Amino acid sequence: MNCTWQAGRNAPEDTQYFLYWQYSKYDNAMECEIYIKNKNGRNMGCRFQNVTTKPENTYFLVNGSSKESQVQFYDEYIQLYKIEKLVPPSNITVSCDEIKNGCIIQWQQPQISHSNKDNCFKYEIIIKYKVRGISSPIFNINTDVWGNSHIFERSNKRKKYLLKMRAAGSACYVSSAWGEWSAPVEFGENENPCLELLFP
């Protein structure tokens with residue numbers, strides 16, 4: 001996780017900033033371990049490692065020091081899960097029935113630090129034909145996908161398909177914003193092995 005800030009409008013040139021944070025008022029305050037510096041060596045951000053996203057508010061304080069004058073501090077309470085950007089679902093696989101049209105899509109939920117429940121997430125899946133140079137129909141399986149599997153009914157068993165998906169929180173103190181798209185996953189048969197497609 002990265003946290004960045006801007007220098008105060010009236011801050012002296014020698015101002016240096018320091019970030020402190022704590023999960024709750026009962027925890028000890030911790031200073032940033034890895035600062036992000038500008039070209040003049042001024043701390044303008046912090047790179048956090050091994051952060052645990054909790055439902056409680058986390059307290060952040062950015063303090064400044066200068067030999068010329070006092071520098072106004074900035075503090076804020078933030079619920080980290082609300083600003084967390086979800087990584088894509090992992091281990092996405094597709095198994096197709098060679099006789100019927102159905103394909104079973106399976107995946108594992110995005111990894112977050114405070115929950116391992118499948119019902120914490122909803123998913124969006126986009127599937128399109130693997131073709132190049134022509135308009136390809138898109139099958140948008142919308143936000144009603146839950147759990148960790150879905151059955152996709154192919155309209156053409158002789159086509160090759162590409163799939164990508166992303167997740168958002170539906171409960172459990174998980175961010176409700178849509179996360180990053182997965183890398184495209186290819187499945188099905190290609191009637192012309194020379195055809196290729198790139199996702200936009």
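Nothing here was measured: the structure is a model prediction, and the numbers come from that model.
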Counting only heavy atoms not in [X] (residues, nucleotides, ligands), do more than 12 fall under 6.0 Å from its [atom1]?
X	atom1	result
Gln70	CD	no
Glu153	CD	yes
Ile78	CD1	yes

Please name the pair of heavy atoms, one in [X] and one in [Y], separated by the smallest distance, quoted to 0.1 Å.
X	Y	result
Val174	Cys120	CG2-CB, 4.1 Å
Ile92	Ile105	CG2-CG2, 4.5 Å
Pro12	Glu68	CB-OE1, 3.7 Å
Pro184	Lys164	CA-CB, 4.5 Å
Phe187	Cys103	CE1-SG, 4.0 Å
Ser175	Tyr81	CB-O, 3.1 Å

Open item on the list: Run the side chain to side chain donor-acceptor pair (under 3.5 Å) test against Arg154 and tell me which residues pass, sequence neighbours left out.
Closed with: none
State plainly whether one hydrophobic cluster holds both [X] and [Y], where clusters connect Ile, Leu, Val, Met, Phe, Trp and Tyr through side-chain heavy atoms under 4.5 angstrom apart.
X	Y	value
Tyr20	Met30	yes
Phe18	Ile34	no
Ile83	Val87	no

- [ ] For the pair Leu61 and Phe73, evaluate side-chain contact (heavy atoms from CB on, under 4.5 Å) and give the outcome as yes or no after the intermediate values.
- [x] CA-CA 7 Å; Leu61 167 69; Phe73 69 87; 3.5 Å; yes
Open item on the list: Applying side chain to side chain donor-acceptor pair (under 3.5 Å) as the test, list every pair that has at least one member in residues 28-40; sequence neighbours left out.
Closed with: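 Sorted pair list: Glu31-Tyr35, Lys37-Asn43.
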Task: Member of Arg47, Met44, Arg42 meeting the side-chain contact (heavy atoms from CB on, under 4.5 Å) criterion with Ile36 - done: Arg47
TODO: Ignoring hydrogens and angles, tell me if any N or O in the side chain of Ser182 forms a donor-acceptor pair with the backbone of Met165 under 3.5 Å.
DONE: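 Yes, Ser182 side chain to Met165 backbone: donor-acceptor pair under 3.5 Å.
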Open item on the list: When you measure from the side chain of Gln16 to the backbone of Gly41, do you find a donor-acceptor pair of N or O atoms at a distance under 3.5 Å?
Closed with: yes
Open item on the list: For a disulfide (SG to SG under 2.5 Å) check, start with the C-alpha distance between Cys3 and Cys46, then their side-chain angles and the critical distance, and finish with the verdict.
Closed with: CA-CA 5 Å; Cys3 175; Cys46 178; over 6 Å; no
Mind checking the [atom1]-[atom2] spacing from [X] to [Y]? Nearest 0.5 Å is all I need.
X	Y	atom1	atom2	value
Leu19	Asp75	CG	CG	11.0 Å
Gln109	Leu86	CD	CG	10.0 Å
Tyr59	Gln22	OH	CD	7.5 Å
Lys67	Asp14	NZ	CG	7.0 Å
Lys82	Asn57	NZ	CG	8.0 Å

Task: Any side-chain heavy-atom pair of Trp107 and His150 under 4.5 Å - done: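 Heavy-atom side-chain distance check passes, below 4.5 Å.
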TODO: Report yes if the side chains of Phe60 and Leu80 come closer than 4.5 Å at any heavy-atom pair, otherwise no.
DONE: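 A side-chain contact exists here, since the closest heavy-atom pair is under 4.5 Å.
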Task: Residue pairs passing the salt bridge (charged side-chain N to carboxylate O under 4.0 Å, His left out) test where at least one lies in residues 172-188, sequence neighbours excluded - done: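 Those involving residues 172-188 are Lys130-Glu186, Lys160-Glu186.
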TODO: Take Glu84 and Tyr173, measure what side-chain contact (heavy atoms from CB on, under 4.5 Å) needs, and give me the verdict at the end.
DONE: CA-CA 10 Å; Glu84 182 177 22; Tyr173 298 106; over 6 Å; no
- [ ] Check the side chains of Asn63 and Tyr17 for a donor-acceptor pair under 3.5 angstrom, ignoring hydrogens and angles.
- [x]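 There is no such pair between these side chains.
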Open item on the list: Run the ring pair (Phe, Tyr, Trp, His ring centres under 6.0 Å) test on Tyr161 and Phe152 for me, step by step, so that the C-alpha distance in whole Å, both residues' side-chain angles and the decisive distance to 0.1 Å come before the verdict.
Closed with: CA-CA 11 Å; Tyr161 296 85; Phe152 170 66; 5.6 Å; yes
TODO: Any chance you could lay out the side-chain contact (heavy atoms from CB on, under 4.5 Å) test for Ile126 and Leu163, step after step, and finish with the verdict?
DONE: CA-CA 6 Å; Ile126 289 181; Leu163 169 156; over 6 Å; no
